[in-house]
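As the structure is a prediction and not an experimental result, all values here were calculated from the model. A, B, ... follow the sequence lines: proteins, then strands. Residue 1 opens every chain.
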Number of protein chains: 2
Amino acid sequence: MATMQDVARLAGVSLSTVSYALSGHRTVSAATRERIVSAMEELGYQPNAMARGLASRRSRVLALVYPAAERGLGGTVAEFVSAAAEAAREKGHHLVLWPFRTDQADEVRDLVLQGMADGVLVMEVTLDDPRVTTLRDAGVPFTMIGRTRDVAGLPSVDVDFERTTREAVDHLVGLGHRHLAFVNHSEATAAEGYAPTFRAEEGFAAAVRAHGLEPVVRRVDESPQAGREAAAELLDRSPRPTAVVTMNEIATFGVVAELQQRGIGVPDEMSVLAIVTSPGVADMSNPPLTTMHSPGADLGRLAVATLLSQVAGDPPPAAATLIPCTLEPGRSVGPAPGAPPAPAGAEPHP
Amino acid sequence: MATMQDVARLAGVSLSTVSYALSGHRTVSAATRERIVSAMEELGYQPNAMARGLASRRSRVLALVYPAAERGLGGTVAEFVSAAAEAAREKGHHLVLWPFRTDQADEVRDLVLQGMADGVLVMEVTLDDPRVTTLRDAGVPFTMIGRTRDVAGLPSVDVDFERTTREAVDHLVGLGHRHLAFVNHSEATAAEGYAPTFRAEEGFAAAVRAHGLEPVVRRVDESPQAGREAAAELLDRSPRPTAVVTMNEIATFGVVAELQQRGIGVPDEMSVLAIVTSPGVADMSNPPLTTMHSPGADLGRLAVATLLSQVAGDPPPAAATLIPCTLEPGRSVGPAPGAPPAPAGAEPHP
DNA sequence: GCGCTTCGACGAAGCGCTTCGACAATGACC
DNA sequence: GGTCATTGTCGAAGCGCTTCGTCGAAGCGC
């Protein structure tokens, strides 16, 4: 590989001038820069990442810590990852994935202290996350995707569950629904302190009550079978719900399957609105689901921007940045049975 | 951060002695080593990855190139990734994930030339993969997971589709089945040159014919709906298949759903054997599926070992290493209707 | 006791880059 | 026309580590 010295020689300038031309940290005349650039091209020069990292004490690498082994990488996360990787690249950084379990916080810290990365994006943050303490105490720049119980001054980005559930509920109530149920993630996720389970549940209940209605909430295992059972149980309730909001993709399939098997028309007799979904799930069902799509890409870009400002030494932002899911119409949501069809573009709020 | 110089000073030895104690590239007396080790602990020393990489021209990083944006990271891949990450760590390396699309071969190459990684694991290799040519021409050490059309002397590990399908077929034939169908991945994957679609299909057909039977093969979109349609079509065939082998997880759910909806008993009237599955899918169906589980973890370990030997400069292995899937009994496979129940532990081969 | 090898440790020369201080050359200003 | 910034470039000092050549001190056989 050609070195910077080779480039300098070929361009007839000094080594440092090449470096400044590359980094822009000092001005270089247009003519000189041009000679340098063409020398680089001629030599196929690639800057040595290690040398650069050593001299600048910056690896230009951002690490995304994700427990891939435990969860796999679903569609939402994939969207997040690719948006984050692209955003990082635009800023001259690289995004690497560190598949560490939640309890391997020390290894993450050590890798950063060894200079393998300048900062860390921590995904799947639980309400009480050991990694956050470790990283904070070690002075490692990081940004959370999700929030701990106590958000106090730690940089984070997250889905706006409160607004997402409110919009979901408002939408359904605007269509005349009065009996709404929520199919949440499982009790097991709650036991792990998986924050979305709590935030969405609370948001849903609050939004329903704000309409003077009574929420029905079920925590359901992540399996089609559990979804079927939940649907069966909801159908037996009196009053029977006419709309169900789900935040549990796998169970959602079970819910829809059970409804179909019982001959309950979707959306004529029961509306199904899947929230915080990943791309592509809508079309895995028939009729295609109406969903509220998780803002994975936006979160990815935002998380990288936030982390880079942490790496640069900026003070942490006062509050978490929250982004709601966006409604993507499908054919699983309709007016409540017996309700007048909602006027197009009607304001869903009472 | 403490440097190696600090450690040397505290231990009362020279810098180079510390280095040799750490690397083992030269002998260091036990007493000296012990002083060094305790000095390291006292200072909380972490070797600087950049400096080490610069001096040794080795980053000790292996990159896993995976088009996460396109595919998401399913269960199989997650198993692979975590096994590979662990294997790498055991060898003093780090595994990072580079989420590049298949057409970003140049970026992968450049990153390696910049010294960000010593070698590359290329996942989801297609029959004619542009990345393979680019990496080979650039002299970048790499190992493929999967195989190109032409395996000639390129290091690779892969699922043994031939043996997996043969064992699946033998198992079913041993249970008395005479009419076997295969639900494959979609035509779209075939168009992309996705190798498993071809290898499994060919393996299945050959295995069935080896028993003097006639294979039925369908390429099915990756959706439950497409699975339902495939099942419906298979049921209408004459003779009607009594066993279906599937290699398409999402479609498999549709197949099972359609069978259930039509009241076709699984496995009494129809056996379903899902091959190349990821963990957990068996239990997402009811009854739990009999599966042949993808050897993701073994492949991960093997791929890392192969890549490290490439990085060390060994000649590429003559042939690809293939690992079959392993049969995991569930309750979706049984004797053919009307066939005598297979004796326990019966040899499935005729 | 002599030369011989072996062992353990040291010093110094890089690895390829960033960045600081220095310094001509140029232009602006009164 | 002298002073003072400003601009563009250079040389050199590291960044923290690996590794080569070297060398004193033991250990060996005879």
Side-chain angles (χ1 to χ4, degrees), chain A residues 1-37 39-40 43-61 92-93 110-116 118 311-312, chain B residues 1-37 39-40 43-61 92-93 110-116 118 311-312:
Chain A
M1 284 301 312
T3 73
M4 200 174 251
Q5 188 59 262
D6 299 332
V7 174
R9 211 160 11 228
L10 183 58
V13 298
S14 81
L15 209 183
S16 52
T17 303
V18 177
S19 175
Y20 287 124
L22 213 49
S23 69
H25 285 7
R26 283 197 186 174
T27 49
V28 169
S29 71
T32 306
R33 186 196 321 285
E34 195 166 317
R35 290 215 315 287
I36 291 175
V37 167
M40 283 181 178
L43 294 172
Y45 172 71
Q46 296 281 348
N48 182 297
M50 296 292 134
R52 176 187 286 219
L54 176 59
S56 66
R57 266 140 297 209
R58 281 287 177 75
S59 62
R60 292 155 176 262
V61 168
H93 287 249
D110 288 351
L111 278 180
V112 177
L113 295 182
Q114 288 170 17
M116 291 289 303
D118 296 336
V311 169
Chain B
M1 284 302 311
T3 73
M4 199 173 252
Q5 188 60 262
D6 299 333
V7 174
R9 213 160 9 229
L10 182 58
V13 299
S14 82
L15 208 183
S16 52
T17 302
V18 177
S19 175
Y20 287 124
L22 214 49
S23 68
H25 286 7
R26 284 197 186 174
T27 49
V28 169
S29 72
T32 307
R33 185 194 323 284
E34 194 167 316
R35 290 215 314 288
I36 292 175
V37 167
M40 284 181 178
L43 295 172
Y45 172 72
Q46 295 282 348
N48 181 298
M50 296 292 132
R52 177 187 285 219
L54 177 59
S56 65
R57 266 140 297 211
R58 281 287 177 75
S59 63
R60 294 156 174 261
V61 168
H93 287 249
D110 289 350
L111 278 179
V112 177
L113 295 182
Q114 288 169 17
M116 291 290 303
D118 296 337
V311 169

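Summarising the geometry, the separation between CZ on A/Arg57 and P on D/dG16 is reported as 6 Å, rounded to the nearest angstrom. The CE-C1' distance, from B/Met4 to D/dC15, rounds to 14 Å in whole Å. Between the P atom of D/dG16 and the CG atom of A/Leu113 lies a distance of 14 Å, rounded to the nearest Å. B/Arg35 has its CZ atom 8 Å from the P atom of C/dA9, to the nearest Å. Counting to the nearest Å, the P atom of D/dC15 and the CZ atom of A/Arg60 are 19 Å from each other. One atom, CG of B/Leu54, and another, C1' of C/dC15, lie 4 Å apart when rounded to the nearest Å. Spacing between atom CD of B/Gln114 and atom C1' of C/dC17 amounts to 13 Å, rounded to whole angstrom units. For the pair B/Arg9 CZ and C/dG11 C1', the interatomic distance rounds to 15 Å; values are reported in whole Å.
Taking CZ of A/Arg52 as the start and CG of B/Leu54 as the end, the distance is 13.0 Å to the nearest 0.5 Å. To the nearest 0.5 Å, atom CD of residue B/Gln114 and atom CG of residue A/Asn48 are 8.5 Å apart. Annotation: the span from B/Ile36 atom CD1 to B/Tyr45 atom OH amounts to 11.0 Å, rounded to 0.5 Å.
Judged by distance alone with a 3.5 Å cut-off, a donor-acceptor contact links the side chain of B/Tyr20 to the base of D/dC20.
The residue B/Arg26 sits close to a base: some heavy atom pair falls under 4.0 Å. The residue A/Thr3 sits close only to the backbone: its heavy atoms come under 4.0 Å of sugar-phosphate atoms, none of a base.
The shortest distance between the side-chain N/O atoms of A/Ser56 and the OP1/OP2 oxygens of C/dC17 is not below 4.0 Å. A/Thr27 has a side-chain polar atom (N or O) that falls below the 4.0 Å cut-off from OP1 or OP2 of D/dG8. OP1 or OP2 of C/dC10 has at least one side-chain nitrogen or oxygen of B/Ser14 nearer than 4.0 Å. Using a 4.0 Å cut-off, some side-chain N or O of B/Ser19 falls inside it from OP1 or OP2 of D/dT18. In this structure, B/His25 does not reach the D/dT18 phosphate: none of its side-chain N or O atoms is under 4.0 Å from OP1 or OP2. The shortest distance between the side-chain N/O atoms of A/Ser29 and the OP1/OP2 oxygens of D/dT9 is below 4.0 Å.
Positionally, the nearest nucleotide of DNA chain D for A/Thr17 lies more toward the 5' end than for the other of B/Ser23 and A/Thr17. Each of A/Ala55 and B/Val13 lies near DNA chain C, and the nucleotide nearest B/Val13 is the one positioned closer to the 5' end.
Between the side chains of B/Ser16 and B/Ser19, not a single donor N or O lies within less than 3.5 Å of an accepting N or O.
Checking D/dT19, D/dC17, C/dG16 against every side-chain atom of A/Asn48, the shortest atom distance belongs to C/dG16.
Looking at B/Asp118, its side chain does come within 3.5 Å of a backbone N or O of B/Ser59 through a donor-acceptor pair.
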| message | Quick one, A/Val37 with A/Arg33, criterion side chain to side chain contact (heavy atoms under 4.5 Å, CB included). Give me CA distance, side-chain angles, the key distance, then yes/no. | response | CA-CA 6 Å; A/Val37 167; A/Arg33 186 196 321 285; 4.2 Å; yes
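Remark: D/dG29 base-pairs with C/dC2; criterion is Watson-Crick or G-U wobble with both hydrogen-bond distances under 3.5 Å.
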